[in-house]
Amino acid sequence: MQFRGTVFRYGRDIDTDVIIPARYLNTSDPAELAKHCLEDLDKTFVSRVKPGDIIVADENFGCGSSREHAPVAIKAAGVSCVIAKSFARIFYRNSINMGLPILECPEAADAISDGDVVSVDADTGTITDETTGAVFHAQPFPPFIQDIINEGGLVARTKRVLAEKKGE
């Protein structure tokens, strides 16, 4: 999995209520959720984000409630991956389940600035800040998690596996 995009840099303790405000939880439509992604934190995010862009944050990204809407909104907004010092555990798992790649890399989170262009090789965990030339290394996903993300999420992967087994 290779990603390249412009960075949107945020601080620590970005909770799911800020990622997708509760007033929009009456829908699970990804396109509708994308329209409101991060609007209480950064009113310009949705108008500026481009497909492939990357979110970089400090520690505890995705804390708060366990809503799956948060990674869905981020992914549907066009974000290719999120890099942070650390993630709330339930957000981490929800992101994998929804097919949103997330990488923990404190060094990258400290060094990468808003607006930098970053490329990510999620298979090796290599993060390159193309703006500064700095290279960082995150722990790559094990193959079974890479498979979930490559399929677009746990449900899609499960459907594929069941269809394969049915065909045996």
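Note that these values count all heavy atoms, side chains included, but never hydrogens, waters or copies made by symmetry.
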Is there a donor-acceptor pair under 3.5 Å between the side chain of Glu59 and the backbone N or O of Ser86?
no

Which residues share a salt bridge (charged side-chain N to carboxylate O under 4.0 Å, His left out) with Asp58, sequence neighbours left out:
Arg9

Thr126 side chain near His137 side chain, heavy-atom distance below 4.5 Å
yes

Sequence neighbours excluded, which residues qualify as side-chain contact (heavy atoms from CB on, under 4.5 Å) partners of Val161?
Arg157, Lys165

What distance do Asn26 atom CG and Glu32 atom CD have between them, rounded to the nearest 0.5 Å?
8.5 Å

side-chain hydrogen bond (donor to acceptor under 3.5 Å, both in side chains) against Lys50, all qualifying residues, sequence neighbours excluded
none

Which ILVMFWY residues can you reach from Leu162 by hopping between side chains whose heavy atoms are under 4.5 Å apart?
none

Who are the salt bridge (charged side-chain N to carboxylate O under 4.0 Å, His left out) partners of Asp29, not counting sequence neighbours?
none

Scan for side chain to side chain donor-acceptor pair (under 3.5 Å) pairs involving residues 90-100, sequence neighbours excluded, and state none if there are none.
Arg93-Asn97

Can you find a pair of side-chain heavy atoms, one from Arg23 and one from Asp40, that are under 4.5 Å apart?
yes

Mind listing the side-chain donor-acceptor pairs of residues 99-113 below 3.5 Å, one per line with the distance, residues two or more places apart or on another chain?
{"from": "Glu104", "atom 1": "OE2", "to": "Phe87", "atom 2": "N", "distance (Å)": "3.2"}
{"from": "Glu104", "atom 1": "OE2", "to": "Arg89", "atom 2": "NH2", "distance (Å)": "2.5"}
{"from": "Asp110", "atom 1": "OD1", "to": "Lys85", "atom 2": "NZ", "distance (Å)": "2.7"}

Hits for side-chain hydrogen bond (donor to acceptor under 3.5 Å, both in side chains) against Ser119, two or more places apart or cross-chain, chain-then-number order -> Glu130

Any side-chain heavy atom of Arg67 within less than 4.5 Å of one from Asp17?
yes

Going by the rule side-chain hydrogen bond (donor to acceptor under 3.5 Å, both in side chains), which residues pair with Thr44 if we only count those two or more places apart in sequence or in a different chain?
Asp42, Arg48

Go through the steps for Ile96 and Leu154 under the test side-chain contact (heavy atoms from CB on, under 4.5 Å), then give the verdict.
CA-CA 7 Å; Ile96 300 303; Leu154 184 60; over 6 Å; no

For Val117, which fellow cluster members are found when Ile, Leu, Val, Met, Phe, Trp and Tyr are connected by side-chain heavy-atom distances below 4.5 angstrom, either directly or through intermediates?
none

Rounded to the nearest 0.5 Å, what's the gap from CD1 on Ile148 to CZ on Phe141? Could you check?
10.0 Å

Taking the side chain as C-beta and beyond, is there a heavy-atom pair between Pro140 and Asp123 under 4.5 Å?
no

Side chain proximity check, Ile55 to Phe61, heavy atoms < 4.5 angstrom
yes

Measure the shortest side-chain to side-chain distance between Ile19 and Phe91 over non-hydrogen atoms and say whether it is less than 4.5 angstrom.
yes

Indicate every side-chain donor-acceptor pair of residues 74-81 with a distance under 3.5 Å to a residue at least two apart or in another chain.
{"from": "Lys75", "atom 1": "NZ", "to": "Met98", "atom 2": "O", "distance (Å)": "2.9"}
{"from": "Lys75", "atom 1": "NZ", "to": "Gly152", "atom 2": "O", "distance (Å)": "3.3"}
{"from": "Ser80", "atom 1": "OG", "to": "Gly52", "atom 2": "O", "distance (Å)": "2.8"}
{"from": "Ser80", "atom 1": "OG", "to": "Asp53", "atom 2": "O", "distance (Å)": "3.4"}

Under a 3.5 Å distance rule, please check whether Thr16 uses its side chain to pair with a backbone N or O of Ser65 as donor and acceptor.
yes

For Ala156, side-chain contact (heavy atoms from CB on, under 4.5 Å) partners two or more places apart
Glu151

How long is the gap from CG on Leu25 to NE2 on His36, to the nearest 0.5 Å?
11.0 Å

Spacing of Phe8 atom CZ and Asp114 atom CG [to the nearest 0.5 Å]:
7.5 Å

